Engineer: 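Supplied in structure tokens, the structure appears directly below.
Start at 1 and go down the list; that is how both ligands and their atoms are numbered. Quick note: numbers below take in every heavy atom, side chains included, and nothing from hydrogens, waters or symmetry partners. Quantities reported herein were computed from a predicted structural model and do not represent experimental measurements.
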Amino acid sequence: MRYTAWFQCIRGCPGRHALTEVIYRCPVCEGLLEVEHDHEALRGRAPAAWMRLFDERHGRTLWPYGSGVWSKLEWVLPEVTPDNVVSLFEGNSNLLWAERFGKQIGLDDLWIKQCGISHTGSFKDLGMTVLVSAVKQAIALGRPIRALACASTGDTSAALAAYGAAAGIPVIVLLPRGKISAAQLVQPIANGALVCSLDTDFDGCMRVVQRLTQDPQIYLANSMNSLRVEGQKTVAIEMVQQFDWAVPDWVLVPGGNLGNVSALHRGFVQMQALGLTQKLPRLVCCQAAHANPLYEAYARARAAGRALTEADYVAQVARPTLASAIQIGAPVSLPKAVRAIVECEGIVEQASEAELADAAAMADRTGMFNCPHTGVALACLIKLVRAGTIDRAARVVVVSTAHGLKFTEFKARYHEDALGFPARYANRPTLLPAAPELAVAALHRLLDAVQG
Ligand SMILES: *Cc1c(COP(=O)(O)O)cnc(C)c1O
Ligand SMILES: [Zn+2]
């Protein structure tokens, strides 16, 4: 069976474009593009046969199907040849049962999808493997592409630099100066990218990269490029597979540029369309209150008593937030996110700086190690459980988007109680005398204090 996919306009303008074409917007209306698949062809294989195929490939060595993304190759980039796939064995991330934390906040069936446990420490790997593979295939077909470029709040540039280096394609990354973590900055430096710091925010970097990539020889790797969404949608498929093909009730995800919430929705819709599942989960897009254009739009629509539409959205200048990867005031994928939220009866929630930091720290105390963005999602979850919107028995998945180790400054400052609000779960290291008798006596006092 031959499977095919192409770019098309999300607003339905006529025209299909090859996935190896250098095109980011609809030539008719300038709107966003999306990747569409030949579902007729995909239906030629029965749902049970797809599930069996995906289960057989999971985590094995046969190139490139062992990758969590490429185990779903036919649903992602069906016409890529295996030798053009650029993979670092991304995906297959663990889905952990957050039993203790769940009980603390009033949930019996809470799970964390650990997308940050991945090659460069964030879910951005999942989209980047697809984009860089499509570019490698385009170059093999003779397209004159000289370099890959992106603007980034840190994780996109780390992923692009790694996959570009693996493919041997030059990478340019544009970063807002002083607004990303040290770990995020050192990643593209180590991978040999051309790393540029700009005195602006993410939205400012985005304007520069859009101008730069008007030159078709420099390929735009931001999530406006819908190839990335195709890779990221496999998170939805993978979590359902991990539940033995059962769909959870709720999925919460932090949202900045809003590509990921759209991607998750697409994954769930595709499984339903092809008969693997029977329902959609309700998605919750979780924003930092300091960078909340979608939340504001949602609140506006709700106050007016009608469904969310694109017309409710007003771009904003995002304020600094500890959740630095989602400090975005003019999200590129907003139209897709609006559609996703409406179609699945989703919700948009927000979290303050103190709420996101305390939620991350509270969950860390049950054994996790959360990045601030995951903290945003956890804080929104706590609010929705308290409000009775999400009930105790519901199966809930929080998508953790990055590894906490990329954000050690955030954690260190939290535990020093140096963030400008009281850190409820701060845990300060204790200075002990070196003499064993004194040290042991002090430890007993400390332990008694902890145990009350
Ligand atoms: C990119 C990113 C997000 C936001 O994803 P969008 O697709 O831009 O909404 C959230 N968390 C982390 C850690 C990220 O790197
Ligand atoms: Zn169009």
Engineer: Can a salt bridge be assigned to the pair Arg413 and Glu416 using a cut-off of 4.0 Å between side-chain N and carboxylate O?
Structural biologist: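 No, no charged N to carboxylate O under 4.0 Å.
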
Engineer: Are a donor atom and an acceptor atom from the side chains of Asn257 and Ser333 found within less than 3.5 Å of each other?
Structural biologist: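 No.
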
Engineer: Which residue owns the protein heavy atom closest to atom 2 (C) of ligand 1, what's the atom, and how far is it?
Structural biologist: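 Residue, atom and distance for the closest contact: Lys124 NZ, 2.4 Å.
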
Engineer: Would you list the protein N, O or S atoms within less than 2.8 Å of the Zn ion (ligand 2), leaving out water?
Structural biologist: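 Listed by chain and number, the atoms are Cys9 SG, Cys13 SG, Cys26 SG, Cys29 SG.
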
Engineer: Walk me through whether Lys113 and Glu238 qualify under salt bridge (charged side-chain N to carboxylate O under 4.0 Å, His left out).
Structural biologist: CA-CA 9 Å; Lys113 179 65 173 157; Glu238 200 171 283; 2.6 Å; yes

Engineer: Number the atoms of ligand 1 from 1 as they appear, then name those within less than 4.0 Å of a heavy atom of Gly259, with their elements.
Structural biologist: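 Numbered from 1, ligand 1 contributes 6 (P), 7 (O), 9 (O).
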
Engineer: For the pair Lys233 and Glu34, find out whether any cationic side-chain nitrogen is under 4.0 Å from an anionic carboxylate oxygen.
Structural biologist: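 Not counted as a salt bridge, because no side-chain N and carboxylate O are separated by less than 4.0 Å.
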
Engineer: Would you call the rings of Phe421 and Tyr414 parallel, tilted or perpendicular, where under 30° means parallel and over 60° means perpendicular?
Structural biologist: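 Geometry flag for Tyr414 against Phe421: tilted rings.
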
Engineer: Report, in ascending order of atom number, the atoms of ligand 1 lying under 4.0 Å from any heavy atom of Ala325.
Structural biologist: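 In order of number, 12 (C), 14 (C), 15 (O).
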
Engineer: Flag Thr401 as yes when one of its N or O atoms lies below 3.5 Å from any N or O atom of ligand 1, and as no otherwise.
Structural biologist: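 Among all N and O atoms of Thr401, at least one is under 3.5 Å from an N or O of ligand 1.
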
Engineer: Testing the 3.5 Å rule here: is there a donor-acceptor pair between the side chains of Gln242 and His58?
Structural biologist: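 Per modelled atom types, Gln242 and His58 side chains form no pair under 3.5 Å.
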
Engineer: Minimum distance, heavy atoms only, to atom 10 (C) of ligand 1: which one of Ile326, Leu258, Val399, Asp155 is it?
Structural biologist: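 Residue with the shortest heavy-atom distance to the ligand atom: Ile326.
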
Engineer: Have Gln287 and Asn292 got a donor and an acceptor in their side chains that come within less than 3.5 Å?
Structural biologist: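 No donor-acceptor contact under 3.5 Å links the two side chains.
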
Engineer: Is Lys136 close enough and on-axis enough to Tyr163, meaning under 6.0 Å and within 45°, for cation-pi?
Structural biologist: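 The answer is no, since Lys136 fails at least one limit relative to Tyr163.
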
Engineer: Say whether Ser67 and Glu90, considering side chains only, have a donor N or O and an acceptor N or O under 3.5 Å apart.
Structural biologist: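 There is such a pair between these side chains.
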
Engineer: May I ask you to check whether Ala402 has an N/O atom sitting below 3.5 Å from an N/O atom of ligand 1?
Structural biologist: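 In this structure, Ala402 places no N or O atom under 3.5 Å from an N or O of ligand 1.
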
Engineer: Would you mind listing which atoms of ligand 1 come within a distance below 4.0 Å of any non-hydrogen atom of Gly255?
Structural biologist: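 So the answer, numbered in order with elements, is 9 (O).
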
Engineer: Which residue owns the protein heavy atom closest to atom 5 (O) of ligand 1, what's the atom, and how far is it?
Structural biologist: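 Closest protein heavy atom to atom 5 (O) of ligand 1: Phe123 CZ, 3.5 Å.
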
Engineer: How far is atom 7 (O) of ligand 1 from its nearest protein heavy atom, and which residue and atom is that?
Structural biologist: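 The closest one turns out to be Asn260 N, 2.8 Å.
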
Engineer: Of the protein's non-hydrogen atoms, which lies at the shortest distance from atom 8 (O) of ligand 1, and what is that distance?
Structural biologist: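 Result: Asn257 N, 2.8 Å.
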
Engineer: For Phe407, is at least one N or O under 3.5 Å away from an N or O on ligand 1?
Structural biologist: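 Between Phe407 and ligand 1, no N or O pair is found under 3.5 Å apart.
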
Engineer: So, are Glu310 and Arg339 salt-bridged, with charged N and O less than 4.0 Å apart?
Structural biologist: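 Looking at Arg339 together with Glu310, the answer is no, because their closest N to O distance does not fall below 4.0 Å.
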
Engineer: Do Tyr24 and Tyr219 have ring centres separated by under 6.0 Å?
Structural biologist: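 Distance test on ring centres: under 6.0 Å, yes.
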
